[in-house]
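What follows is one structure encoded as structure tokens, with my remarks underneath.
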Amino acid sequence: MRKQLLAERRNLPADTRAQWDADLCRHIVQWWHEARVDTLGVYWPLRDEPDLHPAYAELARLGVRLLLPVVLKRDAPLDFAAWQIGEPLVKDAMGIAVPADLRIAPCPPALLVPCLGFNAQGYRLGYGGGFYDRTLEKVPRPATVGIAYSCLAAEFGSDGHDIALDRIITEAG
């Protein structure tokens, strides 16, 4: 299923992706106006994930502190590093962009979580590393907003370690 969803996302036309990313950005900023969190865990897109940089810029303009996920230990929850738009990034051992100057911060009160796929019950399908699942086991648990294109809705069950997201935002809302 992961291969199929990756292929579907990869094959989206560039103009469709650009429009959907703009719609996602608008919906994320609308969500923030309701949630009003002062610190937000965001992600740097990889493998054709939605590019939310315009939303990040708007959130930063509104005073939101942005944090990027960082893998410090392989089988542990994610850590988070403070990030300001425009600051230098480097690729970590897993090929993920992280701030060059790692300023580790406490887990944020809310996270934008990229989804390879999602189901009607709010469960996400990721790449299989379990990093977000381990992160969401922590107490207090951060609020979670899954980010995905609506075409990636899928039928799949959940395992005992899976944790449903609080909300999924797609280009449709």
Side-chain angles (χ1 to χ4, degrees), residues 19-47 49-73 76-89 92 94 96-127 129-150 152-153 158 161-173:
Q19 180 59 55
W20 287 0
D21 287 357
D23 293 340
L24 274 162
C25 287
R26 190 175 67 258
H27 296 310
I28 289 164
V29 172
Q30 289 171 347
W31 163 81
W32 179 84
H33 280 288
E34 297 166 14
R36 295 286 179 171
V37 294
D38 60 352
T39 304
L40 180 63
V42 298
Y43 67 88
W44 192 267
L46 65 140
R47 296 172 117 179
E49 291 172 339
D51 184 346
L52 306 179
H53 286 84
Y56 300 165
E58 177 62 11
L59 293 169
R61 189 190 70 73
L62 292 167
V64 179
R65 183 174 182 227
L66 303 176
L67 306 179
L68 285 173
V70 178
V71 175
L72 295 180
K73 296 179 187 164
L78 292 167
D79 284 288
F80 292 88
W83 172 63
Q84 293 182 2
I85 294 170
E87 85 175 270
L89 298 172
D92 69 7
M94 297 177 66
I96 298 172
V98 298
D101 177 20
L102 279 184
R103 299 174 312 280
I104 300 300
C107 187
L111 301 175
L112 299 184
V113 182
C115 302
L116 176 54
F118 65 97
N119 67 16
Q121 294 75 41
Y123 288 97
R124 76 181 274 274
L125 188 65
Y127 301 119
F131 292 104
Y132 279 101
D133 290 322
R134 288 188 294 277
T135 302
L136 299 182
E137 291 173 347
K138 295 170 90 173
V139 177
R141 179 184 178 269
T144 53
V145 178
I147 305 298
Y149 299 126
S150 59
L152 300 177
S158 63
H161 66 276
D162 291 334
I163 298 173
L165 302 174
D166 298 317
R167 180 173 177 176
I168 307 279
I169 292 179
T170 70
E171 75 283 354

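Numbers here are sequence positions counted from 1.
In this structure, a donor-acceptor pair under 3.5 Å is present between the side chains of Glu171 and Ser150. With 3.5 Å as the limit, one finds no donor-acceptor pair spanning the side chains of Tyr56 and Asp51.
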- [ ] Give the C-alpha distance, both sets of side-chain angles, the deciding distance and a yes or no for side chain to side chain contact (heavy atoms under 4.5 Å, CB included) between Leu52 and Leu112.
- [x] CA-CA 10 Å; Leu52 306 179; Leu112 299 184; 4.2 Å; yes
Task: side chain to side chain contact (heavy atoms under 4.5 Å, CB included) assessment of Val113 paired with Arg167 - done: CA-CA 10 Å; Val113 182; Arg167 180 173 177 176; over 6 Å; no
Open item on the list: Between Ile28 and Leu59, does the side chain to side chain contact (heavy atoms under 4.5 Å, CB included) criterion hold? Intermediate values first, please.
Closed with: CA-CA 9 Å; Ile28 289 164; Leu59 293 169; 4.2 Å; yes
TODO: Show the numbers, then the answer: is there a side chain to side chain contact (heavy atoms under 4.5 Å, CB included) between Tyr43 and Ile147?
DONE: CA-CA 10 Å; Tyr43 67 88; Ile147 305 298; 3.6 Å; yes
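Between Arg26 and Trp31 the shortest side-chain heavy-atom distance does not fall below 4.5 Å. Contact annotation: the side chain of Val145 never approaches that of Leu111 to less than 4.5 Å [non-hydrogen atoms, C-beta and beyond]. In this structure, the side chains of Phe80 and Val70 stay at 4.5 Å or more apart for every pair of heavy atoms. Between Tyr132 and Pro114, some side-chain heavy-atom pair lies under the 4.5 Å cut-off. The side-chain heavy atoms of Val98 and Trp83, taken from C-beta on, include no pair separated by under 4.5 Å. For the pair Asp21/Pro50, a side-chain contact is recorded, criterion being any heavy-atom separation below 4.5 Å from C-beta on. Contact check for Pro142 versus Cys107: side-chain heavy atoms found under the 4.5 Å cut-off. Looking at Leu89 and Trp44, their side chains come closer than 4.5 Å, going by heavy atoms from C-beta outward.
Cation-pi geometry between Arg134 and Phe131 is satisfied (NZ or CZ under 6.0 Å from the ring centre, within 45° of the ring normal).
The shortest non-hydrogen separation linking Gly146 to Leu165 is CA-CD1, 3.5 Å. The two atoms that bring Ala172 and His27 nearest to each other are C-NE2, 3.8 Å, heavy atoms only. What you find for Ala164 and Thr144 is that their closest heavy atoms are O-OG1, 4.3 Å. Here the closest heavy-atom approach between residue Leu46 and residue Glu49 is recorded as O-CG, 2.9 Å. For the pair Leu67 and Ala82, the tightest heavy-atom approach, listed with the atom from each and the gap, is CD2-CA, 3.4 Å. Here the shortest heavy-atom pairing between Ala110 and Val37 reads CB-CG1, 3.9 Å.
Residue Glu87 places its CD atom among more than 12 non-hydrogen atoms of other residues, nucleotides or ligands, all under 6.0 Å distant.
Between Arg124 atom CZ and Ile168 atom CD1 the span is 9.0 Å, to the nearest 0.5 Å. Between the CG atom of Asp133 and the CD1 atom of Ile163 there is a distance of 6.0 Å, given to the nearest 0.5 Å. A distance of 10.5 Å separates CG in Asp162 from CG in Leu136, rounded to the nearest 0.5 Å. Asp23 CG to Ile169 CD1: the interatomic distance, rounded to the nearest 0.5 Å, is 12.0 Å. Interatomic distance, Leu72 CG to Ile104 CD1, rounded to the nearest 0.5 Å: 5.0 Å. With rounding to the nearest 0.5 Å, the separation of CG in Leu116 from CG in Leu125 is 5.0 Å.
In this structure, Arg103 contributes its side chain and Asp101 its backbone to a donor-acceptor pair below 3.5 Å. For the pair Arg36 (side chain) and His33 (backbone), a donor-acceptor distance under 3.5 Å is present. Under a 3.5 Å cut-off, the side chain of Glu58 and the backbone N or O of Ala55 do not form any donor-acceptor pair.
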